[in-house]
Amino acid sequence: MSEKAMLVDLSKCTGCRGCQVACKNWNGLPAETTVNKGSYQNPPDLSPSTFTLIRFQEMDDGKGGLKWLFRNDKCFHCGDPGCLKACPVPGCIFKTPEGAVIIDPDKCIGCKYCYHTCPFSVPQFCSKSEKMYKCTFCYDRQADNLPPACAQACPTGTLIFGDKADIYKMAHKRVGEIGGSASVYGDQYVGGTHVVYVLTEPADAYDKLPEKPKIAGSVALWKDVLKPLSMVSLLGGVGAGFLYYIMKGPKRPDLEEGGDSHE
Amino acid sequence: MKISRRGFLKISGAAVAAGGLGVNLDKVKAHAATTKITYSRETITICPYCAVGCGIIVHTRNGKVVYTEGDPDHPINQGSLCSKGSSLYQLSHRNENRLTKPLYRAPKSDKWEEKSWDWVLDRLAANIKKSRDESFQERNAKGQTVNRTMGLASVGSAAMDNEECYVYQKFLRSLGLVYIEHQARI
Amino acid sequence: MTNHWIDLRNSDCIMVMGSNAAENHPISFKWVTQAIDKGATLISVDPRFTRTSARAHVYAPIRSGSDVAFLCGMIKYILDNNLYFDEYVREYTNSSFLVNPKFKLPADNEGVFSGLKGTKTKEGYVNGKYDKATWSIQKNTDGTPKKDKSLQDPNCVFQLLKKHVSRYDLDKVASITGTPKEKLLEVYKAYASTGVADKSATIMYAMGWTQHTVGVQTIRAMAIIQLLLGNMGVAGGGVNALRGESNVQGSTDHCLLFHILPGYLKTPKASQPTLEAYNKKYTPKTSDPMSANWWGNYPKYSNSLMRAHYGLNTTLEEAYSYTPKLDDGKNYSWLTIFDDMYKGRFSGFFAWGQNPACSGANANKVRKALTKLKWMVNVNIFDNETGSFWKGPDMNPSEIDTEVFMLPCAASMEKEGSVTNSGRWMQWRYKATNPAGEAMPDGEIITELHYRIKELYEKEGGKLPEAITKLTWDYGLKMPDGKIKHFDSHEVAREINGYFLKDVEIKGKLYKKGTLVPSFAFLQADGSTSSGNWLYCNSYTEKGNMAARRGKVDPSGIGLYAKWSWCWPVNRRILYNRASVDKNGKPWAIDKPVIWWTGSITKWKGDVPDGGWAPLAAGKASRYPFIMKPEGHAHIFGPGRADGPFPEHYEPLECPIEKNPMSPQFVNPTVKRWDIKGIGTELDTRATCDPRFPIVCTTYRVTEHWQTGVMTRWQPWLLELQPDMFVEMSKELADMKGIENGEIVKVTSARGEVVAVAVVTPRFKPFTIEGQEVHQVGVPWHYGWRQPHPELKELRSANLLTPNVGDPNTMIPESKAFMVDVVKKGGAQ
């Protein structure tokens, strides 16, 4: 059994959003009611019913011309997942040997720690079911010898799924071919992500992409020292609540205002 | 790297090992082993949108569509699909917006009425015959034989199959129509 | 497409102009990307920076409606710099043919070609028609064309072209198109670099070229470029029209169009009283023994079609007499239909799988026309603006007498049959489920109607009943009542292919009565064969259903996949492929050969050649490569067109400048001008250089919706991605108008107004045209009023704005360049 990874080669994306719909189709996710607010990007962000999102971004090319960036955004499936470390519920977030990081909704208590510790703000809270949702790396398809739905749908070779070692090599080779400010993003961060980008622009040029993603230091403390303790008082939720407070401060409002169903 | 559905790298079994703090994987294993397409019937179709002609597999169970996906064996799309192609599932009977009954709107009426096929087809046939007989020209103003129906026109249909297009033009021309147009003109 | 989708990967330079392939034919970019990976250059020419532009090496902005000037500039660049493929141009095109010395170019004739008759106005000629006498080719005494292979004679096509395009210098072109000069040069240089034997370039175009009053001439200009560079017939080349609907290629091949019968045969005219007269008129002759003159086979195809329609129930002449005839010179196309309908000339109307209330140019005229009908039937899978026209926001149902039938039909996966893609591949698809609810496949509905009408005529009589009662309808097992129970698409596919109707011996081999004809080379003119469409003869033979084949091997190495489905004609994957080799049959591009000659015994290898004759070096045993032309040579000089043998720039019917920078002739002189008094109606308005409508507008599609949106607006996943009608505009224009991104605005034209969300973007930039700043906006045509937001009672369909004027050759409306204004509406989304 080998570790898997997905290449996201942004130099090839045409923003067709086959991946975005294929994700909904495989995962049976409902559509959101959206509004055109002057951008092709819709829904505006990841949500409990949108695990994969193409972000559209216009930018100057510095030579009087224009670039239109399309970024397939979804869970990075970190080698060292902050969400998993932060999750107070045993077995709720887990990692498969292939590298998928999965939230088990049956176990999720909706504490949102995973969201706050995720360097990419990926897990999303559903106010109806009061649980967190995100991309599963189509672990169920993988188990059935199928690539993730988004990768199968991608026409241009932007999304390529394969053995992690091959994908990492491919990413670096591709960056060499493109040259300029292209770079590999992900392999050096959070334990080596299982979704790696070939970026055509410097990382800080992209909306909502941290330049150097890392898990907050306090989470390490939580995982290594406090989490085993909290298990004891999990049923009461007291320890978890207390730890949430000392790490992140008061609870923030819901990430989304309803409208979708995860009953 | 080429990944085809059937040629996809074998991941041994459905085993999913624990990460983190000890996980009960029974549920995950069970889920992974039986996805919605595990026991589905696969039917080959071609995407109904643009004319690239991508292959799509329609998965059905008990006569119901459960999933649609790009056909990995198809040489043009090799399993890939755009957003429209990827949404074919929502074009199927699963879409509750589909028209499912013949509808009729009487002159001056402000509503649709549901009618039986027999009723609409009989009424339509009678309308067609009447329009044809009333407007049929055996000869034109110059006295040349033309055998055509001037009071009927048809537009469509690039969405039909070839066989339907052929019989539709045959049907229309037997009725004497000359005003026959479709999407290719616009 | 002369070539096909996978073949894009063989190209060295891909120009996407008049289309937006990454958005509207997204999977084409699988192959475009592969070409780029191998080093190809991708060029995007578009008024707006699109998702295609985002991946292009070169993006050149262009004002809508100026493509002819852009391309004529490229022709001039190729000729000035001797970048054309000399041997190809000399041998395979009509460049050496000598034209009538009386022929005049627009430069010497007030902006029009010689022979124009029409009304002269201050804008030049209107409603003109060419007398083409001076457009003739000089003939030798044996009837063959006079040629000057040195290409030096001032009357030869090559010299005339050179003279014609000499007016399209860079400054002029930049001033008309608004494309910066350096961008023009960048495009010209990249594209023209393929004028060598082993390189090819291709064009991906779509409605961005056809929907203009100079649509055909734009495509002609590109065809000329492809011929000059030797890019026709070769891998990675061709002229590739990206068809927009899954079976618009097939529906065109089967000719759901007024002017043609299946297989592009002509619809009979009143002046052709007999089949014999008809065949004589349309069967071209050639005096050159080396010209294949394929249309010389015309009567075999037309007579076989008569047999397919009426079988042996009638004589060929009877079948012909039942076939409706057009009046000579009259056009019965789309715009005419809705004009006539508006004038109350139709009682009944079929809108079968189409939504003309949104897709027709000047849609308000279409919508009002529907109120004049006694009855109409709309067949569709979703409710739409056409079937429900009577409850539109500005309609009063109590005043509308039209009786409307809306019939639910099966979706694509709910029936069995074939569709033909843009690359001419006929692909079989199967039935996955039963139709939703009581919906029926279109074929079943047509069959039911045919039977019911036939019964009425048998019972009651009526006008020319034989045309209906003698029609064959053998599409399934006949039950005791003489009717088929279910429409069997295989039976239709066989009829389309054609049968031997009696035992026929051909070249010593006997073909039994009732067997399927192997290919169109076996069709007969004597009534002994049938074929519903000669182009599809070979698609369903005694070997089976060729369209259903799924052979995945590609020994060609260039992606022909000859055993996957089937492609017309006779499974030839690249048209004009005899032009891909030199006179000895050796491929110009040895690393991507389409066909190659292996000697008189083993003959051609590779793709199915455009005729099996030996290469040109064989002299009289050979044939010139362009077999569909009577002289066998490709047309750089194209006298068949209504508006000139060479492309010439004319302004769109509505444009932002007061005169045509090229000549005193403002608009294409041969278009039918509905806006002129006495021709159209009060709704056929035009506003050019009108301060009320100062902004150029174009229409287009987005990836996430399809056509009028009748199928996609009802799908939540797609509506989520693109939820509403929008208008894209530059930041500069938005600033000028005080419009914020995301604000609701109104777009108005002389014909209507549309509510839309403003998408303010740097992807649109103002143009400088003839020294003035010109703004352009764009609107998708996917929306209407039925869904989403019927409660708003607002019209959001782009075609409410477009003018009803068409290209003089095709009558395709000019939906891609017209004038509008954009104003604030007030209120937030």
Side-chain angles (χ1 to χ4, degrees), chain B residues 43 45-46 48-54 58 75-77 82-83 87 90 93 97-103 105 107-108 110 120-121 125 127 129 131 133 136 140 144 146 148 151-166 169 171 174 176 178-185, chain C residues 5 25-27 243 245-246 248 250-252 254 256 258 270 324-325 332 334 337 346-348 350 352-354 375 397-398 401 404-408 412-413 417-418 421-422 427 429-430 432 436-438 442-443 446 448 450 452-453 456 462-463 467-468 471 489 492 561 704 706 714-715 717:
Chain B
T43 306
T45 191
I46 300 294
Y49 297 110
C50 84
V52 172
C54 296
V58 180
I76 295 177
N77 61 313
C82 70
S83 38
S87 72
Q90 289 195 332
H93 58 82
N97 300 316
R98 285 276 304 271
L99 291 172
T100 55
K101 285 196 160 68
L103 299 176
R105 184 258 176 188
K108 299 192 195 305
D110 61 357
V120 292
L121 290 167
N127 280 359
K129 181 169 189 294
S131 291
D133 286 349
F136 195 81
N140 65 6
Q144 296 162 316
V146 289
R148 65 190 178 202
L152 283 172
S154 166
V155 300
S157 173
M160 292 202 297
D161 291 347
N162 281 317
E163 295 70 29
E164 294 171 326
C165 289
Y166 167 76
Q169 70 81 33
F171 165 75
S174 78
V178 284
Y179 291 97
I180 301 171
E181 289 282 284
H182 83 290
Q183 283 89 342
R185 185 76 67 192
Chain C
W5 296 107
H25 302 86
I27 308 305
R243 310 294 315 256
E245 309 212 13
S246 59
V248 74
S251 58
T252 308
H254 295 299
L256 283 167
F258 88 88
K325 318 279 180 304
Y332 299 77
W334 183 277
I337 287 182
F346 297 120
S347 53
F350 303 81
W352 204 298
Q354 193 165 12
W375 62 267
S398 65
D401 287 327
V404 187
F405 302 81
M406 181 131 69
L407 308 184
S412 54
M413 77 287 255
S418 70
N421 79 357
S422 201
Q427 304 192 90
R429 54 188 184 189
Y430 298 87
E438 293 178 22
D442 299 279
I446 298 163
E448 285 296 328
H450 167 68
R452 282 163 211 251
I453 295 165
L456 287 176
K463 295 285 171 68
I468 296 160
L471 198 72
S489 46
V492 185
Y561 291 95
E704 299 81 3
W706 192 67
W714 294 97
Q715 294 187 50
W717 288 332

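All chains are named by letter (A, B, ...) in the order of the sequence lines, taking the proteins before the strands, and each is independently numbered beginning at 1. Side chains are part of it too, since the values below use all heavy atoms of this structure and drop only hydrogens, waters and symmetry mates. This structure is a prediction, so every number in the text was calculated from the model and none was measured.
Of the possible polar contacts, none joining the R105(B) side chain to the V404(C) backbone as a donor-acceptor pair under 3.5 Å is found. Between the E245(C) side chain and the Q183(B) main chain, no donor and acceptor come within less than 3.5 Å of each other. Between the side chain of W5(C) and the backbone N or O of A51(B) there is at least one donor-acceptor pair closer than 3.5 Å. Using a distance-only test at 3.5 Å, with no hydrogens or angles considered, a donor-acceptor pair links the side chain of H182(B) to the main chain of L256(C). The backbone N or O of P102(B) lies less than 3.5 Å from no partner atom in the side chain of E438(C), so there is not a single donor-acceptor pair. Side-chain atoms of S157(B) come within 3.5 Å of backbone N or O of W352(C) as a donor-acceptor pair. Distance alone, capped at 3.5 Å, is enough to place a donor-acceptor pair between the E164(B) side chain and the G443(C) backbone. With hydrogens and angles ignored, the 3.5 Å screen pairs a side-chain donor or acceptor of E181(B) with a backbone N or O of W334(C). Side-chain atoms of Q427(C) come within 3.5 Å of backbone N or O of G53(B) as a donor-acceptor pair.
No other option in D161(B), T43(B), N140(B) has as many heavy-atom pairs under 4.5 Å with chain C as D161(B). Interface check for chain C: of the options V58(B), I180(B), V155(B), I76(B), the most heavy-atom pairs under 4.5 Å are formed by V155(B). Ranked by heavy-atom pairs under 4.5 Å with chain B, the first of G353(C), A467(C), G348(C) is G348(C). Annotation: maximal heavy-atom pairing with chain C below 4.5 Å, among N162(B), L103(B), T100(B), occurs at N162(B). Among the candidates G250(C), S489(C), S418(C), the residue making the largest number of heavy-atom pairs closer than 4.5 Å to chain B is S418(C). Considering only heavy-atom pairs separated by less than 4.5 Å from chain B, the leading option among A436(C), P26(C), G462(C), S412(C) is A436(C). In terms of non-hydrogen atom pairs under 4.5 Å with chain C, the most contact-rich of T45(B), V120(B), V52(B) is V52(B). Highest contact tally toward chain C, considering only S83(B), G176(B), A153(B), C54(B), is held by A153(B) [criterion: heavy-atom pairs under 4.5 Å].
Between P48(B) and R429(C), the shortest heavy-atom contact is CA-NH1, 4.1 Å. When all heavy atoms are compared, the tightest approach of Q354(C) to G156(B) is OE1-N, 3.0 Å. Considering every non-hydrogen atom in both V178(B) and F258(C), the closest pair reads O-CB, 3.2 Å. The nearest pair of heavy atoms linking C82(B) to I27(C) is N-CD1, 3.6 Å. A pairwise comparison of heavy atoms in E163(B) and G417(C) identifies OE1-CA, 3.5 Å as the closest pair.
Both the backbone and the side chain of Y430(C) come within contact range of chain B, judged by heavy atoms closer than 4.5 Å. Residue W717(C) touches chain B through both its backbone and its side chain, counting heavy-atom pairs closer than 4.5 Å.
Side-chain contact check for S246(C) versus C50(B): every heavy-atom pair is 4.5 Å or farther apart.
With sequence neighbours excluded, the residues forming a side-chain contact (heavy atoms from CB on, under 4.5 Å) with K129(B) are D133(B), L456(C), Y457(C), E460(C), listed by chain and number.
Note: S154(B) OG to I337(C) CD1 = 7.5 Å, rounded to the nearest 0.5 Å. Put simply, CG on L152(B) and CZ on F350(C) are 5.5 Å apart, with the number rounded to the nearest 0.5 Å.
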*Step-by-step side chain to side chain contact (heavy atoms under 4.5 Å, CB included) determination, S251(C) to M160(B)*: CA-CA 8 Å; S251(C) 58; M160(B) 292 202 297; over 6 Å; no
